[in-house]
Amino acid sequence: MCGIVGYTGPAKAAPILLEGLAKLEYRGYDSAGLAVRDGDAPVQIVKSKGRLRALAEKTDEGRALAGNVGIGHTRWATHGEPSERNAHPHVSGAPEDHDRSADPSDVVGVHNGIIENYAELKEKLRKNGYSFYSETDTEVAIKLVEYYYKKYGIGPIDALAKTMVRVRGSYALAVMFRDYPGEIYVARKDSPMIIGVTEGESFIASDVPAILNRTRSVYYIDNLEMACVRPGSVAFYNLDGEQVEKQLTTITWDAEAAEKGGFEHFMMKEIHEQPKAVRDTLHSVLRETETGKEIDLSSVGLSEEEIRRVSQLHIVACGSAWHVGVAAQYIFEDLAAIPVRVELASEFRYRRLLLDKDALVVIVSQSGETADSLAALREAKRLGIKTLGIVNTVGSSIAREADSVFYTVAGPEIAVATTKAYSAQLMAMYLLAVQFARVREEIDAQAYADYLTELETIPDKIARLLEDKDRLQWFAAKFSNAHDAFFIGRGIDYAISLEGSLKMKEISYLHSEAYAAGELKHGTISLIEEGTLVIGVLTQSALYEKTVSNMVECKARGAYLMGLTGYGNYSVEDAADFTVYVPKTDPHFMASLAVVPLQLLGYYLSVSRGLDVDKPRNLAKSVTVE
Ligand code: M6R
């Protein structure tokens with residue numbers, strides 16, 4: 001989704017802004033722009049459609065723009081097509097004035113998020129003499145800031161506060177005022193923004209990697225807060241314009257974690273980081289005691305008393321995080337005998353919620369900023385229901401607002417298609433399910449110990465799977481021209497199918513669907529024809545024969561069958577044309593292993609189709625709009 005970078009200090013701003021925007025490319029965007037101020041001279045604005053490279057070339061890698069303060073933006077179109085006109089930064093005047101070298105920009109700004117009532121505000125501004133050059137909600141927001149600034153003759157913070165009261169929606173705004181050269185003003189609601197400081201310099205960014213090369217000392221600006229950013233210092237304000245104190249946080253992960261480290265793509269690097277992500281997540285709560293190993297959820301903030309009281313679980317998330325929830329549902333119900341409902345956050349937030357007062361709402365999110373998941377969390381809290389976040393990004397909105405947080409320890413994930421964060425989320429779910437089962441006396445001490453022993457084997461088993469990539473590469477090349485693929489499975493195998501199918505479609509643009517295997521013959525089987533690829537996921541021995549039968553039904557209609565199963569289930573080869581085996585583990589934990597070949601399949605298909613693996617079209621890493 002959109003990215004914001006800002007700089008004020010002694011150095012030339014534009015190259016720093018371009019460097020920061022390049023680190024945010026992974027978020028997905030379709031145009032980019034810079035605004036740089038050089039003292040009292042008119043602000044310089046350069047925009048371009050398409051890749052950041054074009055903007056860098058237009059500005060001679062930033063060298064063509066003089067000035068020590070500036071803001072930059074990568075836009076992922078919401079209001080209006082991707083074009084230079086709609087690209088940010090936006091100005092409070094008319095850009096035509098700019099061409100005549102008058103300064104149109106008492107106020108110039110960039111924005112992430114969506115202003116929901118922009119049409120109504122546009123009308124109000126039109127009545128007050130404003131005209132608009134773009135289709136964006138951002139131009140409306142910038143003009144509204146200027147309107148209040150001039151109408152009431154107030155300072156930037158008061159003008160921003162009035163704007164914040166008037167707009168509905170989500171925003172991270174970074175704004176420069178002509179009358180306040182050297183300063184950047186920031187306002188935030190429901191869209192991430194951090195401010196980094198170092199000796200004599202300050203940086204703003206919508207995401208940590210953008211400024212990690214420059215500083216590790218950052219402030220997290222809270223919802224409905226504003227900041228005045230000067231070289232090397234920041235002042236924070238609440239909506240009443242009162243100054244608020246904030247703690248500096250040190251980012252502990254190193255900049256290399258956000259580099260490719262010798263891999264061709266971030267996705268492949270992150271696939272290989274899975275053993276570590278899963279092991280680190282496991283060890284974050286596993287303790288050695290005198291009587292053996294045990295799970296200690298004190299860092300999560302979930303007591304045994306609270307675990308006993310939970311009457312039902314609602315797992316709420318989007319995309320792959322929702323797929324983790326689908327797998328977790330089977331595991332929690334089976335091990336801990338707790339009723340579970342898994343819901344898409346975009347649905348949960350808009351239905352009448354009849355939640356039991358002792359329910360636990362579990363929000364799963366890598367970024368911790370997904371707009372629908374955040375809204376679902378707030379809705380549950382509004383109803384007085386306890387919330388638990390399973391979150392990868394420290395300091396993110398969901399992590400800060402949930403009652404308890406289980407941090408996955410996957411490190412920064414850059415590729416749009418999630419891999420290591422998904423695997424770490426699965427591990428977090430296993431640990432919770434096993435602990436719930438033990439505390440609620442659904443399993444005895446021996447079973448508890450056995451599950452923990454088995455969980456400790458998973459990272460090495462994932463590593464073993466990664467040693468055998470070549471067959472999948474060959475298979476992907478063979479099917480790179482396919483049009484449709486169907487993933488089928490039952491129970492946890494259905495959850496794995498959902499994730500395998502999403503990995504395939506989001507980066508290889510090959511149409512694929514995941515179906516509960518038994519559901520296929522209720523309509524979808526009519527799509528199976530000569531050569532259609534059907535991938536049967538067969539890791540659950542109790543359901544193995546059933547799914548094989550469904551695969552055979554597809555074969556009878558011409559499908560090419562791939563089987564994905566555990567070592568030992570060699571009879572699958574009687575039906576399947578191509579089989580991939582994964583190491584054996586407890587059936588509850590099979591998703592952690594079976595997903596790896598499917599991630600690799602999606603990856604290799606994307607590569608063999610010549611696509612941009614890390615930045616697939618139309619997608620964004622962090623979906624901060626609904
Ligand atoms: O940051 P989140 O985990 O909340 O993101 C949820 C989804 O947007 C995300 O999993 C998405 O589906 C990925 N592109 C899947 O690879």
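Atoms within a ligand are numbered from 1 in the order they appear, just like the ligands themselves.
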Please check whether [X] reaches ligand 1 - meaning an N/O of the residue sits under 3.5 Å from an N/O of the ligand, judged on distance alone.
X	value
S373	no
V416	yes
E506	yes
K621	no

Test salt bridge (Lys or Arg N to Asp or Glu O under 4.0 Å) applied to K621 and E506, E413, E25, the passing residue
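Output: one option passes, namely E413.
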Ring-face cation of R188 near Y220 (centre distance under 6.0 Å, axis angle within 45°)
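No cation-pi geometry.
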Would R617 count as a cation-pi partner of Y509, with NZ or CZ less than 6.0 Å from the six-membered ring centre and within 45° of the ring normal?
yes
Nearest protein heavy-atom contact for [atom]: which residue, which atom, what distance?
atom	value
atom 3 (O) of ligand 1	Q366 N, 2.6 Å
atom 15 (C) of ligand 1	S320 OG, 3.0 Å
atom 6 (C) of ligand 1	C318 O, 3.3 Å
atom 5 (O) of ligand 1	T370 OG1, 3.5 Å
atom 8 (O) of ligand 1	V623 CG2, 4.1 Å

Steps toward side chain to side chain contact (heavy atoms under 4.5 Å, CB included) verdict (D190, E369)
CA-CA 8 Å; D190 295 345; E369 301 291 351; over 6 Å; no
Verify whether the ring centers belonging to [X] and [Y] lie closer than 6.0 Å.
X	Y	result
Y515	F487	no
H588	Y430	no
F578	W474	yes
Y603	H265	yes

Considering only heavy atoms of [X], which atoms of ligand 1 have at least one such atom less than 4.0 Å away?
X	value
K503	15 (C), 16 (O)
A417	16 (O)
S367	1 (O), 2 (P), 4 (O)
S365	1 (O), 2 (P), 3 (O), 4 (O)

Does ligand 1 have any atom that is closer than 4.0 Å to a heavy atom of E369?
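It does not; every heavy atom stays at 4.0 Å or beyond.
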Are E379 and R349 ion-paired here, with the side-chain N under 4.0 Å from a carboxylate O?
no
